[in-house]
J.: 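Sharing a structure here in structure tokens format.
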Amino acid sequence: MTDTIFAVSSGAAPAAIGVIRISGSVAGKALGLLAGRDFAPRRASLAKLSDAGGNILDEALVLWFPGPNTATGEDLAELHCHGGRAVLAAVQNALAVIDGLRAAEPGEFTRRAFANGRIDLAESEGLADLLSAETELQRAAAMANASGVLSGHVGSWRTQLLVLSAQIEAALDFSDEDDVSELPEGFTWNIAALTKELDDWLSRPGSEKLGEGYRVVLAGPPNSGKSTLFNALVESEAAITSPIAGTTRDVIERPVSISGVPFLFVDTAGLREDSDDEIEGIGIDRAKSELSRADAVLWLGEQNTGPVGALEIAARIDDDGHEPKAAPFASVSAVTGEGVSGLKSALVDLARASFPKPGEAALNARQRGLLSDARDALGGTQGQNDLLLVGEELRRARVAFDRLIGRTTTEDMLDALFGRFCIGK
Ligand SMILES: Nc1nc2c(c(=O)[nH]1)N(C=O)[C@@H](CNc1ccc(C(=O)N[C@@H](CCC(=O)O)C(=O)O)cc1)CN2
Ligand SMILES: Nc1nc2c(ncn2[C@@H]2O[C@H](COP(=O)(O)OP(=O)(O)OP(=O)(O)O)[C@@H](O)[C@H]2O)c(=O)[nH]1
């Protein structure tokens, strides 16, 4: 029998309310011991909670969810306590001494939901992303996966594959004597349609990019106003600005969300060839390597002197002696704020194209790897006349789909995934 687990599932104490969840076969008994009575299923009830010595620990709102139709698939109790540190400690201590109960590991509730078939692996990954989502775009993509959008597609691809495999099996049964093996009617067409669908998914922006943010590097010669614009974009005095050329030495990064889109802005040392300052020289090398990692470079230097593809920014437009550029991507004064919000919305438009569309399921690296395995296996059936080998490739594709949704898993992989969750999830 598996242990019954408990943990605080709400945020860090002290808080207004602290929710302790108890999942497993002893959850009902534990609830009875603390509250001294039974509870109607799926109803909120107010109850005094006491320890074994009869000391009242808290007055809490109690929920009782008998399994298996629960979030974890097991009997589940929730104690909505007052969220004080000592209250939650006292109730957890009272639970810890009950036979068969122990504190939960990180992600263990969700892992049980997975083990009990309440959610599959792609949905679990979506949940992990949902909990770490900080911007609206991240939330929407994670929610799509958590609610089974990707899983639904994989399920349908898998079913199509099983049908095709069955056709191959049947063809093999008929083609025994004369060694003539012919592909079933429509087979090639069906494989091509499925392949196209997988290619379409593989060409979409991946979900990691959502986590990292769209990387915008500010670059240009010293004193061009990079750090001042950087501070305006990230809305904090993150970088030191000064009239002294060569102020910024190191690379400074700040993540921010603009209109729900995740960005990582990067300020760099001013680029110049004649610096005899060793530290500034290192900063310049770092700035150059940032240029190659950027999703977009904002170039504050003279027109047409920046890296290929850089977005020309006319900066310091309030400042005399600063030449306007012809057809810049944006004209800004970070000091007066003119043009900054226009620049932000232009960047938002640019960045959106690199991200999954709002609410569209996106693939992470693991999922993309498996989908591309499946795609390669389908490709392996093309031009193949040996039905045994065709059947083998189809089996390979099915294994990839099975791994994607977690029909086959490894312990290491599950440890890594559920270890990402916090305690109580
Ligand atoms: N208080 C509380 N809030 C929470 C959770 C929780 O466990 N407790 N959740 C924790 O993740 C999330 C909600 N997820 C849940 C998922 C399934 C079920 C559940 O009981 N499912 C049953 C019955 C469904 C129904 O009544 O329609 C089922 O699927 O069979 C409950 C919560 C977010 N909010
Ligand atoms: N009037 C005006 N001054 C600006 C503007 N932006 C920057 N400055 C001034 O220009 C000087 C240089 O600005 P920084 O932002 O430090 O320039 P930088 O490109 O980061 O310089 P380095 O760190 O040397 O590479 C500072 O004195 C700023 O106050 C602007 O939009 N208008």
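When a ligand or atom number is given, it counts from 1 through the structure's own listing order. Note: hydrogens, waters and symmetry copies are ignored here, and every other heavy atom, side chains too, is used.
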J.: Could you tell me the residue and atom name of the protein heavy atom closest to atom 23 (O) of ligand 2, and the distance to it rounded to 0.1 Å?
T.: Thr248 N, 2.8 Å

J.: Using modelled atom types and a 3.5 Å cut-off, is there a donor and acceptor pairing between side-chain atoms of Asn93 and backbone atoms of Ala89?
T.: yes

J.: Is the contact between Ser242 and ligand 2 made by the side chain, the backbone, both, or neither, using heavy atoms and a 4.0 Å cut-off?
T.: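 The answer is the backbone.
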
J.: Mark whether atom 10 (C) of ligand 1 lies under 4.0 angstrom from at least one protein heavy atom.
T.: yes

J.: Among all protein non-hydrogen atoms, which one is nearest to atom 17 (O) of ligand 2, and what is the separation to 0.1 Å?
T.: Gly225 N, 3.2 Å

J.: What residue and atom, counting heavy atoms only, is the protein's closest point to atom 24 (O) of ligand 2, and at what distance?
T.: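 Protein heavy atom with the smallest distance to atom 24 (O) of ligand 2: Gly246 N, 2.6 Å.
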
J.: Provide the closest heavy-atom pair for Ile20 versus Val8 in the form atom of the first, atom of the second, distance.
T.: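 The answer is CG1-CG2, 4.1 Å.
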
J.: Number the atoms of ligand 2 from 1 as they appear, then name those within less than 4.0 Å of a heavy atom of Thr247, with their elements.
T.: 22 (P), 23 (O), 24 (O)

J.: Going by the atom numbers of ligand 1, which of them fall below 4.0 Å from some non-hydrogen atom of Glu78?
T.: 1 (N), 2 (C), 6 (C), 7 (O), 8 (N)

J.: Under 4.0 Å, counting heavy atoms only: does Thr70 come that close to any atom of ligand 1?
T.: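 For ligand 1, residue contact (heavy atoms, under 4.0 Å) with Thr70 is present.
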
J.: Give a yes or no on whether atom 18 (C) of ligand 1 lies under 4.0 Å from any heavy atom of the protein.
T.: yes

J.: Checking a contact table here: which protein heavy atom is nearest atom 14 (N) of ligand 1, and how many Å away?
T.: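 The protein heavy atom lying closest is Ala71 CB, 4.9 Å.
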
J.: Could you tell me which non-hydrogen atom of Gln138 sits nearest to which non-hydrogen atom of Thr135, and how far apart they are?
T.: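 For Gln138 and Thr135, the tightest heavy-atom pair comes out as OE1-N, 2.9 Å.
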
J.: Can you classify the ring geometry of His153 versus Trp157 as parallel (below 30°), tilted (30 to 60°) or perpendicular (above 60°)?
T.: tilted

J.: Should you measure from each heavy atom of Ala245, which atoms of ligand 2 turn up under 4.0 Å away?
T.: 24 (O)

J.: Just jot down the ligand 1 atoms closer than 4.0 angstrom to any heavy atom of Arg21, in number order.
T.: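 Heavy-atom distances to Arg21 below 4.0 Å select 6 (C), 7 (O), 10 (C).
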
J.: Any donor-acceptor pair under 3.5 Å linking the side chain of Lys325 with the backbone of Gly301?
T.: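 Yes; at least one donor-acceptor contact below 3.5 Å.
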
J.: Please say which of Val256, Leu264, Ile258, Asp267 ends up in a side-chain contact (heavy atoms from CB on, under 4.5 Å) with Val234.
T.: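 So the option named by the test is Val256.
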
J.: Is atom 7 (O) of ligand 1 near the protein, in the sense that some protein heavy atom lies at less than 4.0 Å from it?
T.: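 At least one protein heavy atom is under 4.0 Å away.
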
J.: Pull out every atom of ligand 2 sitting under 4.0 Å from any heavy atom of Thr228, numbered as shown with elements.
T.: 6 (N), 7 (C), 13 (O), 14 (P), 15 (O), 28 (C)

J.: Carefully, step by step, assess Arg398 and Asp402 under the rule salt bridge (charged side-chain N to carboxylate O under 4.0 Å, His left out).
T.: CA-CA 6 Å; Arg398 205 205 64 227; Asp402 284 352; 3.5 Å; yes

J.: Test Met143 against every option in Leu127, Val149, Leu130 by the side-chain contact (heavy atoms from CB on, under 4.5 Å) rule and name the one that passes.
T.: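 The residue from Leu127, Val149, Leu130 that satisfies side-chain contact (heavy atoms from CB on, under 4.5 Å) with Met143 turns out to be Leu130.
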
J.: What protein heavy atom is closest to atom 31 (O) of ligand 2, reported as residue, atom name and distance in Å?
T.: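 So the nearest neighbour among protein heavy atoms is Ala334 N, 3.1 Å.
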
J.: What protein heavy atom lies closest to atom 25 (C) of ligand 1? Include the residue and the distance to one decimal.
T.: Arg42 NH2, 3.7 Å

J.: Any idea which atoms of ligand 2 are less than 4.0 Å away from a heavy-atom of Gly270?
T.: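 What qualifies from ligand 2 is 25 (O).
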
J.: Decide salt bridge (charged side-chain N to carboxylate O under 4.0 Å, His left out) for Asp129 and Arg420; before the verdict, give the C-alpha distance in whole Å, the side-chain angles of both, and the deciding distance to 0.1 Å.
T.: CA-CA 9 Å; Asp129 292 341; Arg420 272 177 68 194; 2.9 Å; yes

J.: Are the side chain of Lys226 and the backbone N or O of Pro221 linked by a donor-acceptor pair below 3.5 Å?
T.: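 Confirmed, Lys226 side chain pairs with Pro221 backbone.
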
J.: What do the steps show when you test Asp373 against Arg403 for salt bridge (charged side-chain N to carboxylate O under 4.0 Å, His left out), and what is the final call?
T.: CA-CA 11 Å; Asp373 289 350; Arg403 291 203 177 125; 5.6 Å; no

J.: Between Glu212 (side chain only) and Lys209 (backbone N and O only), is there a donor and an acceptor less than 3.5 Å apart?
T.: no

J.: Among all the protein's heavy atoms, is there at least one whose distance to atom 3 (N) of ligand 1 comes out below 4.0 Å?
T.: no

J.: How about atom 30 (O) of ligand 1: does it have a protein heavy atom within less than 4.0 Å?
T.: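 It does; a protein heavy atom is within 4.0 Å.
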
J.: Which of the numbered atoms in ligand 1 are below 4.0 angstrom from a heavy atom of Lys425?
T.: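 Reading through ligand 1 atom by atom, the close ones are 10 (C), 11 (O).
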
J.: When you measure from atom 20 (O) of ligand 2 to each heavy atom in Gly339, Ala315, Ala269, Ser227, which option holds the nearest one?
T.: Ser227

J.: Please list the nearest protein heavy atom to atom 18 (P) of ligand 2 with its residue and the distance rounded to 0.1 Å.
T.: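 Here the nearest protein heavy atom works out to Lys226 N, 3.5 Å.
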
J.: Can you pull out the closest protein heavy atom to atom 1 (N) of ligand 2? Residue, atom name and distance to 0.1 Å, please.
T.: Asp318 OD2, 2.9 Å

J.: Out of all atoms in ligand 2, which are within 4.0 Å of some heavy atom of Pro243? Include the element for each.
T.: 26 (C), 27 (O)

J.: Can you list the ligand 2 atoms lying under 4.0 Å from a non-hydrogen atom of Thr241?
T.: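 By the 4.0 Å cutoff, the relevant atoms are 15 (O), 16 (O).
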
J.: Would you confirm whether any non-hydrogen atom of the protein falls under 4.0 Å from atom 27 (O) of ligand 1?
T.: no

J.: Using a 4.0 Å cutoff against the non-hydrogen atoms of Arg118, which atoms of ligand 1 qualify?
T.: 22 (C), 28 (C), 29 (O), 30 (O)

J.: Should the pair Glu74-Arg111 be classified as a salt bridge under the 4.0 Å nitrogen-to-oxygen rule?
T.: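 Between Arg111 and Glu74 there is no salt bridge, as every charged N stays at least 4.0 Å from the carboxylate O atoms.
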
J.: For atom 4 (C) of ligand 2, what is the nearest protein heavy atom, given as residue, atom name and distance?
T.: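 That would be Arg316 NE, 3.5 Å.
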
J.: Please check atom 23 (C) of ligand 1 for a protein heavy-atom neighbour under 4.0 Å.
T.: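 At least one protein heavy atom is under 4.0 Å away.
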
J.: Taking Arg112 for its side chain and Thr72 for its backbone only, find out whether a donor-acceptor pair lies under 3.5 Å.
T.: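 No; judged by distance alone, with no hydrogens or angles, the pair does not exist.
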
J.: Which pair of heavy atoms, one from Thr268 and one from Ala219, lies closest together, and at what distance?
T.: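 What the structure gives for the nearest pair is OG1-CA, 3.9 Å.
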
J.: Suppose we measure from atom 22 (P) of ligand 2 to each protein heavy atom; which comes out shortest, and what is that distance?
T.: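 Its nearest protein heavy-atom neighbour is Asn223 N, 3.7 Å.
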
J.: Evaluate Arg396 against Glu392 for salt bridge (charged side-chain N to carboxylate O under 4.0 Å, His left out), listing each step before the verdict.
T.: CA-CA 6 Å; Arg396 212 154 66 83; Glu392 185 52 33; over 6 Å; no

J.: Leu150 and side-chain contact (heavy atoms from CB on, under 4.5 Å): which partner among Leu371, Asp120, Asn145?
T.: Asn145

